[in-house]
Every structure is written in structure tokens, then in C-alpha cells.
Amino acid sequence: MRETAGGAPIKDGMILLGLRSAALDYYPSTWDIFGGHLEAGDTPEQALVREFQEELGIVPIDFTCIAVKEEPNPAAYGPGRHHVYVIRTWTGIPRNLSDEHQEIAWFELGDLDNLALASDAYPRLFGGYG
């Protein structure tokens, strides 16, 4: 079963999301949190830090797991477990370093309901962290 760790930087009522590339097989053209698969021997926290360095060039410092969710669409994407984090502090300036995302952007937490999101759980999960 696929296991991932992902999260979103949140600061001053804003959340950073990435628009997934239209060419991807997994949730294409949707706004999503950042992260990736756990590699052999990884903890979710190790995978989270590695993926943020690779995708955004930042190092999460203060982060909390807010949910562990089963894959919401296993018929399309197979079984999976996703560890979801809020990142409150980090070092570096986020920039798009991955072809996985067409763009990255900051959004007000209250605007999550108006976006095409990879998970309809994001407004509920992240809404209280502004």
C-alpha cells in the first residue's frame, strides 16, 4: 500500500498550495498540499522534510500531524494512507522546484472552498490553523 506524508505551510491566515501538473496521473490539475511517498525505512516526518526540501527548497521546523487519512479514491488511485501536516515555521523561501506543480500560490484559508482541491477534506483540516 502506498504511504505518503504531505503538508502545507500556513502563516498569517494564508496557506501555500501547489497546482498539480495536468500531465500527472494522480489528481491532475488540482490544488494540493506538498509531499510524497515514504521511502524504505522513512518515518512520515523524515519523508515530509525531504519532500519539502526537494519540492520547495525549504526545511520544515515546527510541524504537526493533523490527520492520517485513507486514500479517498482507491478505485482510481489504489489503496493508500496519507499523513497530513501543518507546517508553522520553516527555513528558506518557498519556490517551485518540481515539475510536479505548474505553480505554487498562497491562499486565504477561507478561500479553500472555492478551489479545485485534490481533497475535499482540506478546508475542514486546515481551516482552523489561521
Side-chain angles (χ1 to χ4, degrees):
M1 175 173 50
R2 179 182 68 257
E3 192 165 11
T4 69
I10 294 179
K11 186 174 186 175
D12 300 327
M14 305 289 284
I15 184 170
L16 183 65
L17 298 173
L19 180 61
R20 294 180 60 79
S21 171
L24 295 175
D25 293 331
Y26 189 71
Y27 293 99
S29 301
T30 58
W31 289 98
D32 201 3
I33 60 177
F34 303 93
H37 295 89
L38 274 67
E39 296 177 359
D42 270 352
T43 66
E45 292 79 13
Q46 290 169 325
L48 181 80
V49 170
R50 180 186 65 249
E51 292 293 332
F52 268 69
Q53 289 173 313
E54 292 174 0
E55 294 181 14
L56 294 172
I58 64 174
V59 178
I61 303 297
D62 178 18
F63 51 91
T64 302
C65 185
I66 59 171
V68 179
K69 309 267 310 156
E70 297 300 314
E71 169 59 47
N73 194 352
Y77 301 117
R81 180 174 299 119
H82 308 292
H83 302 261
V84 181
Y85 291 81
V86 166
I87 294 88
R88 290 183 190 89
T89 58
W90 56 89
T91 60
I93 298 170
R95 58 197 189 287
N96 189 8
L97 300 177
S98 169
D99 59 1
E100 185 174 327
H101 301 103
Q102 292 174 203
E103 65 178 287
I104 64 172
W106 288 95
F107 296 95
E108 290 187 23
L109 286 164
D111 290 341
L112 290 179
D113 286 321
N114 301 321
L115 297 173
L117 297 169
S119 172
D120 61 5
Y122 290 162
R124 179 179 46 79
L125 289 175
F126 294 107
Y129 288 94

Do you know which two heavy atoms are closest between [X] and [Y], and how far apart they sit?
| X | Y | answer |
| --- | --- | --- |
| Leu117 | Pro123 | CD1-CD, 3.7 Å |
| Ala5 | Pro44 | CB-O, 3.3 Å |
| Ser29 | Gln102 | OG-OE1, 4.5 Å |
| Leu109 | Gly127 | CD1-O, 4.4 Å |
| Leu24 | Glu100 | CD1-O, 3.3 Å |

Common cluster, Tyr26/Val84, ILVMFWY with side-chain heavy-atom separation under 4.5 Å:
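Per the 4.5 Å side-chain linkage, Tyr26 and Val84 are not co-clustered.
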Check for me, please, whether Tyr27 and Leu16 land in the same ILVMFWY cluster - side-chain distances under 4.5 Å, paths through other members count.
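No.
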[X] versus [Y]: any side-chain heavy-atom pair under 4.5 Å?
| X | Y | value |
| --- | --- | --- |
| Thr91 | Ile58 | no |
| Ile15 | Ile10 | yes |
| Arg20 | Pro28 | no |
| Phe63 | Leu48 | yes |
| Glu39 | Arg50 | yes |

Reported [atom1]-to-[atom2] distance for the pair [X] and [Y], which is rounded to 0.5 angstrom:
| X | Y | atom1 | atom2 | result |
| --- | --- | --- | --- | --- |
| Ile87 | Phe52 | CD1 | CZ | 3.5 Å |
| Thr43 | Glu45 | OG1 | CD | 4.5 Å |
| Leu17 | Phe34 | CG | CZ | 6.5 Å |
| Glu108 | Asn114 | CD | CG | 10.5 Å |
| Asn96 | His101 | CG | NE2 | 7.0 Å |
| His82 | Arg2 | NE2 | CZ | 5.0 Å |

Does a donor on one side chain sit under 3.5 Å from an acceptor on the other, for Glu3 and His83?
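Indeed, the side chains of Glu3 and His83 share at least one donor-acceptor pair under 3.5 Å.
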Quiz question: by atom type and distance under 3.5 Å, do the side chains of Asp25 and Tyr77 form a donor-acceptor pair?
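Tyr77 and Asp25 do not have a side-chain donor-acceptor pair below 3.5 Å.
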Report the C-alpha distance between Glu71 and Asn73 in whole Å, list the side-chain angles of each, state the deciding distance to 0.1 Å, and finish with yes or no for side chain to side chain contact (heavy atoms under 4.5 Å, CB included).
CA-CA 6 Å; Glu71 169 59 47; Asn73 194 352; 3.8 Å; yes
Can you check side chain to side chain contact (heavy atoms under 4.5 Å, CB included) on Thr89 and Ile61, steps first, answer last?
CA-CA 5 Å; Thr89 58; Ile61 303 297; 3.6 Å; yes
Trp31 and Phe107: aromatic ring centres closer than 6.0 Å?
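Aromatic pair counts; centres sit under 6.0 Å.
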Pair Phe126-Ile33, side chain to side chain contact (heavy atoms under 4.5 Å, CB included): steps then yes or no:
CA-CA 11 Å; Phe126 294 107; Ile33 60 177; 3.7 Å; yes
Tell me, with the steps shown, if Tyr122 and Asp32 meet side-chain hydrogen bond (donor to acceptor under 3.5 Å, both in side chains).
CA-CA 9 Å; Tyr122 290 162; Asp32 201 3; 2.5 Å; yes
Is Arg81 salt-bridged to Glu70, cutoff N-O under 4.0 Å?
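Yes, this pair counts.
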For the CD atom on Gln46, are there more than 12 heavy atoms of other groups (residues, nucleotides or ligands in this structure) within a distance under 6.0 Å?
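Yes - once you tally the heavy atoms of other residues, nucleotides and ligands closer than 6.0 Å, there are more than 12.
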Looking at Asp120, I'd like to know if its CG atom is crowded, meaning that more than 12 non-hydrogen atoms belonging to other residues, nucleotides or ligands lie closer than 6.0 Å.
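No, the 6.0 Å shell around CG holds no more than 12 heavy atoms from other groups.
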Please report the C-alpha distance between Leu97 and Glu55 in whole Å, then the side-chain angles of each, then the deciding distance to 0.1 Å, and finally whether the side chain to side chain contact (heavy atoms under 4.5 Å, CB included) criterion is met.
CA-CA 5 Å; Leu97 300 177; Glu55 294 181 14; 5.9 Å; no
Donor-acceptor contact present, side-chain Thr64 to main-chain Ile66, <3.5 Å:
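No, the answer is negative, given that no donor and acceptor are paired below the 3.5 Å cut-off.
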